[in-house]
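For the numbers below, each heavy atom of this structure counts, side chains included, while hydrogens, waters and symmetry mates do not.
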Amino acid sequence: MREKNIKGFYTLTESNNFEEGAKSCLTSAGLGKLAPNMLLMGFKADWASDIDLAMEYFSVLQAAFDQNFSVGVLRVGNGIDFSDDTVYVHTGEAASTEHVNEDCVRPATSEISTRCEASVSESTINEVDDCADDSKDEFIRDQKRIILGETKGLLLDSRVNPLPKKNIVENLTQFQSNKRSGNLDVWWLYDDGGLTLLLPYILTTRQQFTSCKLRVFTLANRKDELDSETRKMATMLAKFRIEFSSVVVIPDVTKPASEASRARLDIMLASLPVGAIKDDEMLENKEKTNRHLRLSELLQTHSKDSELIFLTLPMPRKGHVSAPLYLAWLDVMTENLPPTLLIRGNQTSVLTFYS
């Protein structure tokens, strides 16, 4: 909060693992009626490599729904966690020398790119730690902030070299780029109160996405209902005052998935430990698995080149699906797609009709 110059209240909690910490945040975040009502998480792309952590992740999603939270899971191609690849060096006005001994200061020059590695070496970090006593530790904390001079801030890689422009920086700033002109695709699969429609609509009112077109995809049970379902959806969007470019009703989501899609899922599940998903569970969820494979195919067909995809998040129902199978569904649906936000509202209506 200090680095971003944000004023607010905070509550410090300590937990033994991710699950306990996340559940603690769900109950302690906010102040009275100002408490948040939505949980936003990144997709756990490495779920297959650690089943125990995958189960903790799954349990947090269930806890959020139990506490009547809306839930969003964001998946970006290269991930959103770059903490292992970068070191943030805090500099400039906030780094006042009155908090640190002069021996700890490493002045910067215009040749910072060539002197950066020498200035921010491991020994320098240790020196800063040695120089800081209890009264100065308010500034030098867990992130090992280092004084470099008058520059505002610098991102370094894990080897303390200046970060390459066309790599991690692009991933870090991909949602801060100039105006976009593609499509925002909304796959509204279930009625969750309208949050899946509201969020993309709000984005279209922002400068970065004003030129984007909003496309809405929904499902139909029978082919002979396509026209009526399309008219119903268009009428409903008009009543909600949501501007859209097209409405597409998908009729064949229940037909068998292709062999290629099934092979993708089989390869994914083959990497799991033996017994992680029981045969009875696979048989019981056969139709749901096929549905998610079909959705994966339809997403690749219609939305592969979109700017953003908004997709209704399947419910992680207790006792009906295990963590590995549920995350496999999410993984196979969102694999090799543009940035995808899976959303599930808490059944509270967030859209209003004309009065």
Side-chain angles (χ1 to χ4, degrees), residues 1-44 56-76 80-83 88 90 93-94 138-139 141-143 145 153 172-176 184 186 188 190-210 214 240-242 308 310-318 339-355:
M1 293 173 66
R2 184 181 294 109
E3 290 174 355
K4 299 298 182 181
N5 196 25
I6 297 175
K7 295 181 179 180
F9 302 99
Y10 71 91
T11 301
L12 179 64
T13 63
E14 294 184 4
S15 305
N16 295 323
N17 53 49
F18 167 75
E19 180 181 354
E20 291 182 5
K23 290 181 178 179
S24 176
C25 289
L26 290 176
T27 56
S28 63
L31 186 64
K33 291 295 184 181
L34 298 179
N37 60 1
M38 180 174 179
L39 169 68
L40 178 62
M41 301 176 67
F43 177 70
K44 186 170 178 58
E56 290 186 15
Y57 181 90
F58 183 70
S59 179
V60 171
L61 293 177
Q62 292 178 325
F65 285 115
D66 288 343
Q67 298 182 38
N68 204 32
F69 275 70
S70 300
V71 175
V73 176
L74 176 64
R75 181 169 192 178
V76 181
I80 55 177
D81 183 7
F82 299 95
S83 55
Y88 184 71
H90 189 79
E93 296 176 359
E138 180 181 356
F139 174 73
R141 289 177 176 268
D142 302 330
Q143 303 300 322
R145 302 176 184 90
L172 286 170
T173 60
Q174 60 180 301
F175 296 112
Q176 303 172 15
L184 299 182
V186 181
W188 196 18
Y190 315 99
D191 184 10
D192 60 351
L195 186 64
T196 308
L197 277 173
L198 179 62
L199 289 184
Y201 169 72
I202 291 175
L203 277 185
T204 60
T205 65
R206 301 302 187 263
Q207 183 176 6
Q208 185 180 0
F209 296 97
T210 51
L214 189 64
F240 286 141
R241 306 180 294 280
I242 294 178
L308 282 172
F310 299 84
L311 176 67
T312 306
L313 177 71
M315 280 292 291
R317 300 188 184 279
K318 292 182 178 180
T340 302
L341 180 61
L342 298 115
I343 316 172
R344 190 79 181 210
N346 58 5
Q347 304 304 319
T348 301
S349 179
V350 296
L351 300 173
T352 56
F353 288 90
Y354 278 119
S355 59

More than 12 non-hydrogen atoms from neighbouring residues, nucleotides or ligands closer than 6.0 Å to CG on Asn5, yes or no?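 Open.
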Using side chain to side chain contact (heavy atoms under 4.5 Å, CB included) as the criterion, list what pairs up with [X], not counting sequence neighbours.
X      : value
Arg317 : Met315, His320
Ala64  : Leu26, Leu39, Phe69, Val71
Ser24  : Thr13, Ser15, Ser28
Pro316 : Phe58, Leu61, Gln62, Phe65, Tyr326

For residues [X] and [Y], determine if any side-chain heavy atom of one lies less than 4.5 Å from a side-chain heavy atom of the other.
X      : Y      : answer
Met38  : Leu199 : yes
Leu341 : Arg75  : no
Leu308 : Pro200 : no
Leu313 : Ile343 : no
Leu74  : Thr340 : no

How long is the span from the [atom1] atom in [X] to the [atom2] atom in [Y], to the nearest 0.5 Å?
X      : Y      : atom1 : atom2 : result
Leu342 : Thr312 : CG    : OG1   : 8.5 Å
Leu195 : Tyr201 : CG    : OH    : 15.0 Å
Gln67  : Thr27  : CD    : OG1   : 6.5 Å
Leu203 : Thr210 : CG    : OG1   : 11.5 Å

Minimum heavy-atom separation for Phe18 and Tyr57, please, with both atom names.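 Nearest pair, atom of Phe18 first, then Tyr57: CE2-CA, 4.0 Å.
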Which atom names give the shortest non-hydrogen contact between Leu184 and Thr204, and what distance separates them?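 Minimum heavy-atom contact is CD1-CG2, 3.6 Å.
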Phe209: what forms a ring pair (Phe, Tyr, Trp, His ring centres under 6.0 Å) with it, not counting sequence neighbours?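 By the ring pair (Phe, Tyr, Trp, His ring centres under 6.0 Å) rule, Phe209 matches no residue at all.
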Could you work out, with side chain to side chain donor-acceptor pair (under 3.5 Å) as the rule, every residue matching [X], not counting sequence neighbours?
X      : value
Arg344 : none
Ser59  : Glu19, Lys23
Thr348 : Asn346

Show me the pairs that pass salt bridge (Lys or Arg N to Asp or Glu O under 4.0 Å) and involve residues 190-204, at least two apart or across chains.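 Matches after skipping sequence neighbours: none remain.
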Pairs flagged by salt bridge (Lys or Arg N to Asp or Glu O under 4.0 Å) wherever residues 6-16 is involved - sequence neighbours left out: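 Residue pairs with at least one partner in residues 6-16: there are none.
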For Asp66, check salt bridge (Lys or Arg N to Asp or Glu O under 4.0 Å) against everything at least two apart and list the hits.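 Result, salt bridge (Lys or Arg N to Asp or Glu O under 4.0 Å) vs Asp66: Lys318.
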